[in-house]
Amino acid sequence: MINITFPDKSVKKYESSINGLELAKSISNSLAKSAVCIEINGELKDLSYLIEEDSVCKIFTKDDQYSLDTLRHSTAHVLAQAVLNLYPGTEFAVGPSIDDGFYYDFLFKENIKESDLIKIENEMRKISKSQQDFVREEISKDEAYKMFSKQTFKQELINTADKSEGVSEENISIYKNDKFSDLCRGPHVQNTSLINHFKLTKLAGAYWRGIETNPQLQRIYGTAWFNKNDLDNYLKRQEEAEKRDHRKLGNELDLFISTDETGPGQFLWKPKGAVLRQIIEDYSKKAHSENGYDYAYTPHIGRSVLWETSGHLDYYKEGMFPPLKNEENEEEYYLKPMNCPFHILIYKSDIRSYKELPLRYFELGSVYRYEKSGVLHGLLRARGFTQDDAHIFCTTDQIEDEILNLLTFSIKLLKSFGFDSIEADLSTRPEKSIGNNDDWEKATNSLKSALENQNISFVTAHGEGAFYGPKIDLHVKDAIGRRWQLSTIQVDFAQPDNFDLQFVDSNNKRVKPVMIHRALLGSIERFTGILIENYAGEFPGWLSPVQVKVLTIGDVSNYLNKITKSLKGFRYEVDDRNLRLGEKLHDASKDKIPITLIVGEKDELSNTLAINIRSQDNQQNVKYEDAIKQIKANLKTPIFKI
RNA sequence: GCCGAAGUAGCUCAGUGGUAGAGCAGCUCACUCGUAAUGAGCAGGCCGAGGGUUCAAUUCCCUCCUUCGGCUCCA
């Protein structure tokens, strides 16, 4: 007799041991039908798992995330099975479920091509049709070595006894279906026939265990769902996300271009993009100058001695553009990858008193980083970009207040642009770093208490800090739920040392200040790209490069004059081409203009016009004065106030 | 940097070992137009760059550049 406790706390008695599927059946047939896996005493198991003692159980159906994960993991097995059927001698590595899908990594005898995926997908469908059961077995390590004698990656997994791959010290669990077996902790769906609605999506390279010096495997990605509708929805979602792509929209909306001649990762801003950028920059500048920052300008290049002192040449040379030099002048210059050394020189240009601190230097500083060619991604990852950068010099006692103010400031700024959902990462000391442990700990604690004080939910990213100090990164969620890193706040105990920074304290002693690096929007290029994706190019009125478009019908030049006069101060365009109204409307909508005015000869007499506000999706005929009022209300710039 | 895919007109994309194609955009003309693309005509190209194979290469092969999807990286 065993007692099973269910999530609603009810307890059922069973005569003898019972497996998950039978358990589901004992509740209802429909539950048995939709059951996929089961949680027994907090551990996820197959439905076939035999429960032999009193347990707490929860049955997961097709609607649960765990079930989807299970399905996808099982689909990954079928993928590996299909690959081994088609390409005997292929080595297979790991194949987990991931968001919306799964992957499996392989070492083929000869690399496959993307066009081979169709063949593999067809083989998978065969396996699905042949209705094979997934069977769990536990075998000894020795047996496992034998079973995977020709699979070097599996051997390594067995060796390192990684529990997450179904390997533990004593025995090893494997899953078998037909002639295929794989090391696996499970659980799996019961039968391959459940694996119906899937698609292999892409082929990519991936390093074994994610380590660059390891051999590179070929990774096949796929997606899998319980029904066709979900699969179709997913594919549609992907398409929608593609429509938001800032590179595509940047071109369509005439915002920016990149050309072969400028070199990869660098952008040319066309007038409309430049306006957008200018609004963002002006807004940020104003916010800074009203909140205790001083403006600074610094050059784009500096002598190598500067980058030696700062430590960049020691720690970051790979990420910098190659040096500039000529025959007359042997000395090398470097393009700046960061603004901080220059701001430090400004600090050092005078003897500083404790009464001056904190000093905050702000600059829209363009920096150049030699990003690896494979990582470039439009505006989101460029080689030349502009940071809304500032460096704060303060006393140790001031750190906590400064960080707190910074967090408040940053959150407010991000919210002004429409990002309301904000989370943080707290990154601690990495292996490759400078400075002493005491300083690191002190700084990390200041960051942590500021986050707690501001009630920002955060996770600690161990070892992810900069080489010179710990940091807070703020992430926002965009309109379709993607997470973007924007602000970064970094404490730096190292640079003040490198440059021997000092201030005179109240005892007339020379003391080392602390430095805080921070960029709130991050890179203006990247931020603009994220804005484009967040709004799908349909910017709020105050950010829109063109805010109002006036469409004329017939000859209304007098009336038009009056209207454009009251639009002074707004960014407007007039479309008085001799075209049908339908076409003008089409063009205005294609350009994602927030407000469209239609003015015809009849309107001139009645002093009216038609106003189309994109966000309201309706159209009204209103008096001229009303229209102007509505325009002003819709195009308001958010007020920045802390 | 690595694995895979791609580069043809301003844009989106067909196509072929033998003189290069469409739609949109552009220009010209007609229509004088009230709610989501009016019609006709014209013009537009070193088929990413360099090398090779061939009587002949945009097409096949090699190298490079750039872009895209990933991996690694993002101080």
Side-chain angles (χ1 to χ4, degrees), chain A residues 98 103 105-108 111-117 201-221 238 242 245 247-248 251-252 254 257-265 310-320 337-338 340 367 369-378 380-383 385 427 430 432-434 464-469 471 473 485 488 490 492 494-495 517 522-523 526 551-556 576-590 596 598-603 608-612 618-619 621:
Chain A
I98 52 173
Y103 67 78
D105 288 347
F106 303 97
L107 183 63
F108 290 91
N111 278 351
I112 61 160
K113 294 178 180 162
E114 210 163 271
S115 51
D116 296 321
L117 294 185
T201 49
K202 51 201 168 193
L203 178 64
Y207 301 104
W208 165 235
R209 298 203 143 163
I211 297 165
E212 209 175 349
T213 47
N214 280 348
Q216 191 170 47
L217 312 174
Q218 282 194 295
R219 174 173 297 177
I220 299 173
Y221 282 93
Q238 294 298 104
E242 266 172 44
D245 192 312
R247 294 164 298 187
K248 193 174 146 75
N251 192 28
E252 284 172 10
D254 221 14
I257 50 164
S258 173
T259 69
D260 278 13
E261 293 92 327
T262 49
S310 69
H312 284 90
L313 282 177
D314 274 347
Y315 284 85
Y316 190 61
K317 195 166 184 190
E318 295 295 295
M320 290 167 72
M338 287 186 175
C340 40
V367 296
R369 300 180 182 179
Y370 196 79
E371 303 284 4
K372 284 188 194 172
S373 59
V375 308
L376 299 172
H377 185 93
L380 302 186
R381 192 80 180 268
R383 281 186 174 158
F385 58 93
S427 301
K432 200 177 171 185
S433 56
I434 45 183
E464 296 291 314
F467 71 78
Y468 48 72
K471 62 175 181 178
D473 293 321
Q485 189 210 305
T488 179
Q490 313 183 347
D492 185 347
Q495 290 298 13
H517 308 244
S523 139
R526 182 179 146 83
L551 315 184
T552 63
I553 305 164
D555 180 14
V556 288
D576 56 1
R577 291 175 299 169
N578 187 16
L579 291 175
R580 282 156 185 78
L581 180 59
E583 187 160 356
K584 296 192 190 187
L585 280 163
H586 175 82
D587 286 350
S589 112
K590 205 180 62 191
T596 314
I598 300 163
V599 187
E601 284 162 9
K602 290 180 210 160
D603 291 307
T608 58
L609 48 80
I611 181 166
N612 270 311
N618 66 344
Q619 193 231 222
N621 285 293

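Order of the sequence lines fixes the chain letters, A, B, ..., with proteins taken first and strands second; residue numbering starts at 1 for each chain.
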Enquirer: Quick one: salt bridge (Lys or Arg N to Asp or Glu O under 4.0 Å) partners of A:Glu252, sequence neighbours excluded?
Expert: A:Lys248
Enquirer: Which atom pairs link the protein and nucleotides 64-68 of chain B when you take only N or O atoms and keep those under 3.5 Å?
Expert:
unit_1: B:rU66; atom_1: O2'; unit_2: A:Asp260; atom_2: OD1; d: 3.1
unit_1: B:rC68; atom_1: OP1; unit_2: A:Arg247; atom_2: NH1; d: 2.9

Enquirer: Confirm from the modelled atom types if A:Arg381 and B:rC73 form a donor-acceptor pair under 3.5 Å, side chain to base only.
Expert: yes
Enquirer: Distance from A:Met338 atom CE to A:Tyr468 atom OH, nearest 0.5 Å?
Expert: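 With rounding to 0.5 Å, CE (A:Met338) is 4.0 Å from OH (A:Tyr468).
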Enquirer: Taking N and O atoms by type only, does the side chain of A:Asp603 place a donor or acceptor under 3.5 Å from a partner on the base of B:rG34?
Expert: yes
Enquirer: Quick test: give all pairs of protein nitrogen or oxygen and nucleotides 38-44 of chain B nitrogen or oxygen below 3.5 Å, distance rounded to 0.1 Å.
Expert:
unit_1: B:rU38; atom_1: OP1; unit_2: A:Glu583; atom_2: OE1; d: 2.2
unit_1: B:rU38; atom_1: N1; unit_2: A:Arg580; atom_2: NH1; d: 3.3

Enquirer: Is the phosphate of B:rG4, meaning OP1 or OP2, less than 4.0 Å from a side-chain N or O of A:Tyr221?
Expert: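 So the side-chain polar atoms of A:Tyr221 never come under 4.0 Å of the phosphate oxygens OP1 or OP2 of B:rG4.
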Enquirer: Determine: side-chain N/O of A:Lys202 to OP1/OP2 of B:rG70, distance under 4.0 Å, yes or no.
Expert: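 Yes, because at least one side-chain N or O of A:Lys202 sits under 4.0 Å from OP1 or OP2 of B:rG70.
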Enquirer: What distance do A:His517 atom NE2 and A:Asp492 atom CG have between them, rounded to the nearest 0.5 Å?
Expert: 3.5 Å
Enquirer: Among B:rU12, B:rC71, B:rG34, which nucleotide has an atom closest to any side-chain atom of A:Asn251?
Expert: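 It is B:rU12.
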Enquirer: At under 4.0 Å between heavy atoms, what does A:Glu601 touch on the DNA or RNA strands: base, sugar-phosphate, or nothing?
Expert: base
Enquirer: Give the rounded distance in Å between these two atoms: CG of A:Asn621 and C1' of B:rG34.
Expert: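 Taking CG of A:Asn621 and C1' of B:rG34, I get 9 Å after rounding.
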Enquirer: Which value, in whole Å, describes the distance between the P atoms of nucleotides B:rA14 and B:rA6?
Expert: 11 Å
Enquirer: Can a donor-acceptor pair under 3.5 Å be found between the side-chain atoms of A:Tyr370 and the base atoms of B:rG1?
Expert: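 In this structure, the two groups form no donor-acceptor pair.
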Enquirer: Who are the side chain to side chain donor-acceptor pair (under 3.5 Å) partners of A:Gln495, not counting sequence neighbours?
Expert: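 Listed in chain order: A:Asn498.
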Enquirer: Check if the side chain of A:His586 and the base of B:rA37 share a donor-acceptor pair of N or O atoms closer than 3.5 Å.
Expert: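 Between B:rA37 and A:His586, which were checked side chain against base, a qualifying N/O pair under 3.5 Å is present.
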Enquirer: Counting the atoms with a prime plus P, OP1 and OP2 as sugar-phosphate, which does A:Lys602 contact under 4.0 Å by heavy atoms, base, sugar-phosphate, or nothing?
Expert: base
Enquirer: Using the P atom as the reference point in each nucleotide, state the distance between B:rG34 and B:rA20 in Å, no decimals.
Expert: 44 Å
Enquirer: Under the salt bridge (Lys or Arg N to Asp or Glu O under 4.0 Å) rule, collect the residues that match up with A:Asp587, sequence neighbours excluded.
Expert: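 Partners of A:Asp587 by the salt bridge (Lys or Arg N to Asp or Glu O under 4.0 Å) criterion, ordered by chain and then number, come out as A:Arg577, A:Lys590.
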Enquirer: Is A:Glu371 touching bases, backbone alone, or none of the nucleic acid, heavy atoms closer than 4.0 Å?
Expert: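 Nothing, no heavy atom under 4.0 Å.
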Enquirer: For RNA chain B, just give me the dot-bracket, please: Watson-Crick or G-U, both distances below 3.5 Å, ( ) intra-strand, [ ] crossing earlier pairs, | paired with another strand, . unpaired.
Expert: (((((((..((((....[..)))).(((((.......))))).....(((((..]....))))))))))))....
Enquirer: Has A:Tyr370 got more than 12 heavy atoms of other residues, nucleotides or ligands less than 6.0 Å from its OH?
Expert: no
